[in-house]
Amino acid sequence: MDTRFPPNFLWGTATAAHQVEGNNINSDIWLLEHVPGTPFVEPSGDAVDHYHRYPEDIALLADLGFNSYRFSIEWARVEPEDGFFSPAAINHYRQMLLACRAHGLRPMVTLHHFSSPRWVIARGGWADPATAASFARYCGRIARDLGDLIDSICTINEVNIAFLLSELGLLPSGIASRGEPPAFVIHAARALGIGPGDFHCFLYAATDRVRDVILLAHQNAVAAIKAERPALPVGMTIALQDLQAVSGGEAVRDTIRHRIQDVFLEAARGDDFVGVQTYSRERFGPDGKLPPEEGVELTQMYYEFWPEALEATLRYAHQIAGVPTIVTENGIATTDDTRRAAYYRRALEGVARCLQDGLDVRGFYAWSAFDNYEWSLGYRPVFGIIAVNRDTQERIVKPSARWLGEVARNGGF
Ligand code: NOJ
């Protein structure tokens with residue numbers, strides 16, 4: 001198949017501050033990594049020290065052939081206490097944006113990627129509508145101070161993540177039950193001076209109230225950004241698996257899909273774009289979620305190697321949201337890099353079919369630029385197209401990076 005992409009198509013890789021920068025000590029996630037009973041298998045530590053090594057990293061990504069880079073600005077660094085903004089932290093991100101521009105990478109910036117400042121969680125977190133206002137204030141500040149260098153903004157990464165984890169039974173044990181909260185919540189809440197029932201972090205809180213606050217935060221953020229920079233494209237990103245129904249599983253699938261995808265896609269209707277983040281599929285029978293299909297290869301994340309999921313979710317996002325899409329994340333965790341290249345080839349063939357059918361898909365960002373901190377799973381799952389020796393912080397380019405970079409350079413394959 002001949003896969004030609006439009007000349008202005010965005011080709012990039014994606015990272016998130018907490019997963020690559022290192023020492024994000026003022027965030028709720030850092031706190032969770034270090035409390036007794038933590039659900040995180042290891043702490044993030046120095047990560048891949050992107051905070052200091054971004055100049056070389058950005059140069060490397062540009063050399064490989066990409067024309068864009070998606071990274072996140074860390075709210076916990078920019079606003080370490082309620083209402084106190086750090087000019088030094090803002091300037092750090094200004095330097096990153098300038099480095100991108102100097103190397104011909106169009107910067108796509110995410111303003112919230114799972115981690116929140118500790119003070120936000122201490123004040124009620126994502127169950128408190130005041131968080132929507134605080135988030136919008138921070139977004140407006142970034143738009144004002146850095147918007148001149150930013151190409152597009154993702155307000156919140158994977159607005160639906162906690163709901164997806166909750167519906168699929170993937171929350172840390174004890175968190176969703178009505179009994180005694182798990183030890184890590186008790187300890188984290190105590191460290192913040194609040195009761196365990198008032199601990200509502202972005203990754204794990206999945207109530208209707210939290211959903212409303214998150215979507216309000218997005219709406220308020222869009223307004224705050226547009227007030228500063230009316231022409232800057234803004235959207236949110238959504239975790240979208242291809243949810244398939246098997247032998248009569250349609251009703252179950254549709255109910256779950258409504259809760260974890262539709263309400264969020266519907267909320268994206270007025271936006272400039274919606275970010276589609278797809279890794280695999282999930283199958284449902286009449287009794288609920290099914291295990292991976294026998295014979296289908298599994299990735300290091302224990303879900304199926306299923307690159308065709310991306311084409312399905314792009315079509316679904318267009319159908320429900322009806323706005324342009326950008327693939328803001330796609331990839332697999334595997335130690336066999338030949339499988340990564342094979343995955344990207346098949347996923348991109350799906351994107352090309354969508355484009356041929358007239359869908360307005362504007363870009364593709366591989367997750368991830370580097371092997372990095374996969375949240376509670378630590379450093380074991382490797383999603384990067386560039387490996388990192390974390391003792392020396394040496395970067396080692398994988399063959400999949402060369403392949404994808406060439407595709408980016410040539411606008412197809
Ligand atoms: C989605 C998240 O945005 C990202 O932080 C995570 O590492 C990847 N998926 C892989 O699981």
Side-chain angles (χ1 to χ4, degrees), residues 12-22 24 27-30 32-33 39-42 44 47-48 50 69-76 108-116 153-165 168 170-172 201-204 214 218 235-242 260-261 264 274-282 298-307 309-310 313 317 326-335 340 343-344 347 364-388 400:
T13 60
T15 60
H18 191 84
Q19 295 177 269
V20 294
E21 286 183 343
N24 186 21
S27 68
D28 58 343
I29 303 282
W30 182 276
L32 287 177
E33 291 170 19
F40 289 69
V41 298
E42 59 182 323
S44 52
V48 298
H50 191 54
Y69 177 40
R70 172 176 178 240
F71 65 93
S72 76
I73 289 181
E74 185 59 46
W75 187 9
M108 168 181 256
V109 167
T110 304
L111 295 177
H112 187 276
H113 196 125
F114 294 175
S115 48
S116 309
I153 288 187
C154 302
T155 55
I156 302 177
N157 178 72
E158 294 195 344
V159 280
N160 60 334
I161 185 67
F163 307 87
L164 182 158
L165 295 176
L168 300 183
L170 299 172
L171 284 174
C201 68
F202 185 86
L203 261 186
Y204 299 148
I214 289 173
H218 168 67
M236 59 186 170
T237 84
I238 310 183
L240 296 172
Q241 296 147 303
D242 177 15
I260 69 179
Q261 297 191 347
F264 298 95
V274 63
V276 169
Q277 312 206 156
T278 297
Y279 290 86
S280 189
R281 68 171 180 173
E282 202 67 71
L298 296 184
T299 74
Q300 281 185 306
M301 299 293 283
Y302 309 114
Y303 48 58
E304 293 170 323
F305 178 104
W306 203 265
L310 181 58
T313 59
I326 299 175
V327 180
T328 40
E329 288 184 25
N330 176 250
I332 62 161
T334 175
T335 52
R340 188 179 340 274
Y343 179 95
Y344 278 131
F364 180 91
Y365 293 81
W367 185 272
S368 181
F370 308 101
D371 290 344
N372 63 42
Y373 186 63
E374 182 55 21
W375 307 107
S376 62
L377 300 179
Y379 288 99
R380 183 190 56 86
V382 284
F383 279 93
I385 58 169
I386 300 167
V388 179
S400 60

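In what follows, residues are counted from 1 in the order of the sequence shown. Ligands are counted one by one from 1 in listed order, and the atoms in each one are counted from 1 as well.
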Can you list the ligand 1 atoms lying under 4.0 Å from a non-hydrogen atom of [X]?
X: Phe383; value: 10 (C), 11 (O)
X: His113; value: 2 (C), 3 (O), 4 (C), 5 (O)
X: Gln277; value: 3 (O)

Query raised in the report: Any idea which part of Asn157 is under 4.0 Å from ligand 1, heavy-atom wise: side chain, backbone, both or neither?
Result: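 Side chain only.
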
Query - From Tyr344, Tyr343, Phe364, residue fulfilling side chain to side chain contact (heavy atoms under 4.5 Å, CB included) relative to Leu310 - result: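 For Leu310, the side chain to side chain contact (heavy atoms under 4.5 Å, CB included) check succeeds only for Phe364.
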
Looking only at side-chain N and O atoms, does [Y] offer a donor or acceptor that is under 3.5 Å from a partner on [X]?
X: Ser27; Y: Ser115; result: no
X: Glu304; Y: Ser280; result: no
X: Thr335; Y: Gln300; result: no
X: Tyr279; Y: Glu329; result: yes

Nearest-contact summary for [atom] - protein heavy atom, Å:
atom: atom 6 (C) of ligand 1; value: Glu374 OE1, 3.6 Å
atom: atom 8 (C) of ligand 1; value: Tyr279 OH, 3.4 Å
atom: atom 2 (C) of ligand 1; value: Glu329 OE1, 3.3 Å

Query raised in the report: Any side-chain heavy-atom pair from Tyr204 and Leu32 closer than 4.5 angstrom?
Result: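 Answer yes - side chains close enough.
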
